[in-house]
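Below: the structure, in structure tokens.
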Amino acid sequence: MKVLKVTKENTKNILNDLLKRSPNHYDEYAGVVQGILDDVREKGDEALFFYTEKFDHCQLTKETVQVTQEEIKAAYDKVDDSLLTVIRKALVNIRAYHEKQKKNSWFDAKPDGTILGQKMTPLASVGVYVPGGKAAYPSSVLMNIVPAKVAGVEKIVMVTPPDKNGEVTPATLVAACEAGATHIYKVGGAQAIGALAFGTESIEKVDKIVGPGNIYVALAKKAVYGHVSIDSIAGPSEILVLADETANPHYVAADLLSQAEHDEMASAILVTTSEKLGEKVQEEIAGYLKTLSRASIIRESLDHFGYVLLADSMEDAVEVTNAIASEHLEIVTQNPFETMTKIKNAGAIFIGEYSSEPLGDYFAGPNHVLPTNGTAKFFSPLNVDDFVKKSSIIYYSKDALQAIHEDIETFAKAEGLTAHANSIAVRFEEEKS
């Protein structure tokens with residue numbers, strides 16, 4: 001890990017370094033992705049199955065692309081009871097947290113004859129992308145499906161790449177069934193995003209696409225935005241630990257590595273007012289790397305995107321923390337709740353030494369689909385609001401409109417929109433005759 005003093009110049013350089021990991025910096029793949037999307041849009045299932053065979057080495061047909069109830073039952077037989085129990089416990093927490101995010105329609109009726117309000121309507125259909133390949137992430141299945149289910153989305157379509165035998169990871173299928181997916185298809189990559197965005201003979205178009213994926217999936221989501229809505233363009237994982245001299249270096253090191261193991265592009269940053277803590281954390285990391293199974297990935301991640309940032313004061317430490325706007329932020333200071341009140345930019349905030357980041361990944365309840373690459377400055381975690389749309393409600397009685405119609409006409413004429421003015425004026429023509 002690079003050890004640097006917190007300065008404006010160093011902060012600027014770090015931000016530039018971290019932004020290089022953004023999918024927006026991989027436009028060399030955009031042409032390939034657009035070609036796949038165009039093919040799926042024009043040729044439907046033919047292109048979808050072609051690319052599935054090309055990239056996943058699996059032959060599909062209209063009859064085999066959708067996961068059957070028999071396949072789901074077989075998946076349950078293959079998943080350990082202990083994992084199923086944990087999935088169900090996590091579901092309770094995730095569902096309870098997101099239930100608190102629900103908002104009702106509201107109407108405000110006044111004595112003057114006006115009614116204003118807002119009508120909340122769930123999206124009709126949502127597509128959830130789940131990565132396949134070497135790793136299975138049933139936790140991501142829960143985090144993407146549950147808020148949609150809580151919002152009231154009726155059709156939740158999950159897509160995930162099959163293996164060469166046309167099978168889907170059992171834990172992924174079980175998590176999807178438990179969370180409430182209504183349709184599951186064995187397709188992945190940019191071609192799956194195209195199918196969800198444009199529709200094919202086998203897969204109906206959805207209104208929104210959510211879920212993480214590789215660079216091809218991220219660029220495909222970016223390309224189809226506008227045809228459908230999307231959640232975000234997710235970048236590599238990141239963690240920032242804000243700590244003072246009271247922090248336990250053994251814990252801090254473990255937490256930094258919990259994100260560095262995701263992939264070589266992940267970022268792990270310690271911001272601290274204690275040089276001694278920084279040194280001890282580095283020593284602890286060296287010890288952990290002798291035993292962790294993904295040590296080679298962690299080393300590359302820390303070499304490129306790992307930092308120990310030494311601040312002269314907690315105020316400086318908070319300032320650089322807000323500038324980085326990390327996906328995951330752990331606060332391990334003497335007064336962590338007080339420190340938390342000064343944080344403006346973070347995807348998820350973990351407070352105190354027993355609130356380590358994996359708690360949020362798997363079990364606590366808040367969503368682990370979080371803004372990355374500094375986008376926590378203007379984006380929020382995935383939530384129930386992402387799966388509803390809001391309609392404004394306006395009602396005026398004749399008397400209510402009569403009281404203000406000349407004001408509206410004046411405004412419209414000032415903008416040169418005489419038809420707008422006339423639309424109001426015609427309702428009171430008799431008054432001028």
Side-chain angles (χ1 to χ4, degrees), residues 1-22 235-292 294-336 339 342-343 345-347 349-350 352-353 356-358 372-374 376:
M1 298 175 78
K2 305 176 188 73
V3 181
L4 299 172
K5 291 285 289 183
V6 170
T7 65
K8 288 186 177 180
E9 186 63 26
N10 282 340
T11 300
K12 180 181 177 181
N13 291 337
I14 290 167
L15 292 175
N16 288 336
D17 194 33
L18 296 177
L19 285 173
K20 292 175 184 176
R21 307 172 310 132
S22 168
S237 189
E238 52 200 38
I239 184 170
L240 189 152
V241 179
L242 175 58
D244 61 16
E245 71 283 352
T246 66
N248 185 323
H250 194 55
Y251 296 168
V252 171
D255 294 353
L256 290 169
L257 300 185
S258 73
Q259 293 308 293
E261 77 168 342
H262 270 292
D263 61 62
E264 294 85 352
M265 300 290 283
S267 170
I269 299 174
L270 169 63
V271 178
T272 182
T273 52
S274 170
E275 186 174 354
K276 185 177 181 181
L277 176 70
E279 293 170 353
K280 288 185 176 180
V281 166
Q282 297 252 55
E283 292 172 6
E284 293 286 348
I285 286 174
Y288 280 126
L289 287 176
K290 296 175 183 177
T291 60
L292 293 173
R294 295 169 70 88
S296 61
I297 293 174
I298 292 172
R299 285 193 183 92
E300 189 163 346
S301 166
L302 295 182
D303 285 347
H304 290 95
F305 303 107
Y307 294 92
V308 175
L309 303 182
L310 303 176
D312 291 331
S313 66
M314 186 53 64
E315 288 74 18
D316 290 344
V318 168
E319 184 176 354
V320 72
T321 297
N322 280 324
I324 292 171
S326 186
E327 176 188 18
H328 306 98
L329 168 62
E330 289 187 11
I331 301 176
V332 195
T333 60
Q334 188 169 12
N335 298 300
T339 304
K342 301 172 184 176
I343 297 300
N345 305 321
I349 302 172
F350 300 80
E353 66 179 4
S356 61
E357 188 280 335
T372 58
N373 284 108

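Along the sequence shown, residues carry numbers from 1.
Within the 4.5 Å cutoff, side-chain heavy atoms of I285 are placed close to those of M1. Under the 4.5 Å side-chain criterion, counting only non-hydrogen atoms from C-beta, V332 is not in contact with Y251. Looking at heavy atoms from C-beta onward, S313 lies out of side-chain contact with V318 at the 4.5 angstrom threshold. Between H328 and S237 the shortest side-chain heavy-atom distance falls below 4.5 Å. Between N322 and I343, the closest side-chain pair of non-hydrogen atoms falls below 4.5 Å. Within the 4.5 Å cutoff, the side chain of V308 has no heavy atoms near those of the V281 side chain. Residues T272 and V241 fail the side-chain proximity criterion, which asks for heavy atoms closer than 4.5 Å. Contact annotation: the side chain of E264 never approaches that of H304 to less than 4.5 Å [non-hydrogen atoms, C-beta and beyond].
Within the structure, every pair that satisfies the salt bridge (charged side-chain N to carboxylate O under 4.0 Å, His left out) test and touches residues 301-326, not counting sequence neighbours, is listed here: K5-D312.
Residues T246 and Q334 have side chains that never bring a donor and an acceptor to within less than 3.5 angstrom of each other.
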- request: Before giving the answer on side-chain contact (heavy atoms from CB on, under 4.5 Å), spell out for I269 and L18 the whole-Å C-alpha distance, their side-chain angles and the decisive distance to 0.1 Å.
  value: CA-CA 11 Å; I269 299 174; L18 296 177; 4.0 Å; yes
field: From CA spacing to verdict: side-chain contact (heavy atoms from CB on, under 4.5 Å), L256, I239
entry: CA-CA 7 Å; L256 290 169; I239 184 170; 4.2 Å; yes
- request: Apply the test side-chain contact (heavy atoms from CB on, under 4.5 Å) to residues I298 and E261: give CA-CA distance (whole Å), side-chain angles for both, the deciding distance (0.1 Å), then the verdict.
  value: CA-CA 5 Å; I298 292 172; E261 77 168 342; 3.7 Å; yes
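Nearest heavy-atom pair, A268 versus A260, reported as atom, atom and distance to 0.1 Å: CB-CB, 4.5 Å. Shown here for G352 and P336, the closest heavy-atom pair between the two residues is N-CB, 4.2 Å. In this structure, S274 and L277 approach most closely via the heavy-atom pair OG-N, 3.0 Å. Heavy-atom minimum distance, Q282 versus V3: NE2-CG2, 3.3 Å. When all heavy atoms are compared, the tightest approach of A376 to A325 is CB-O, 3.7 Å. Considering all non-hydrogen atoms of both residues, T11 and A323 come closest at CG2-CB, 4.0 Å.
Side-chain atoms of E238 come within 3.5 Å of backbone N or O of E327 as a donor-acceptor pair. Judged by distance alone, with hydrogens and angles left aside, the side-chain atoms of S267 form a donor-acceptor pair with the main-chain N or O of F305 at under 3.5 Å. With T372 contributing its side chain and G235 its backbone, the two residues share a donor-acceptor pair below 3.5 Å.
Between D263 atom CG and E300 atom CD the span is 9.5 Å, to the nearest 0.5 Å. Here the straight-line distance linking atom CG of D255 with atom CD of E330 works out to 4.0 Å at 0.5 Å rounding. With rounding to the nearest 0.5 angstrom, the NZ atom of K280 is 4.0 Å from the NZ atom of K276. Here the CG atom belonging to L329 is positioned 10.0 Å from the CG atom belonging to N345, to the nearest 0.5 angstrom. To the nearest 0.5 Å, atom CD of residue E284 and atom CG of residue L289 are 11.5 Å apart. How far CD of E357 is from CG of L240: 12.5 Å, rounded to the nearest 0.5 Å.
When V320, T339, T273 are each tested for a side-chain contact (heavy atoms from CB on, under 4.5 Å) with L242, only one passes: T339.
Ring geometry, Y288 versus H250: the interplanar angle falls under 30°, so the pair is classed parallel (tilted spans 30 to 60°).
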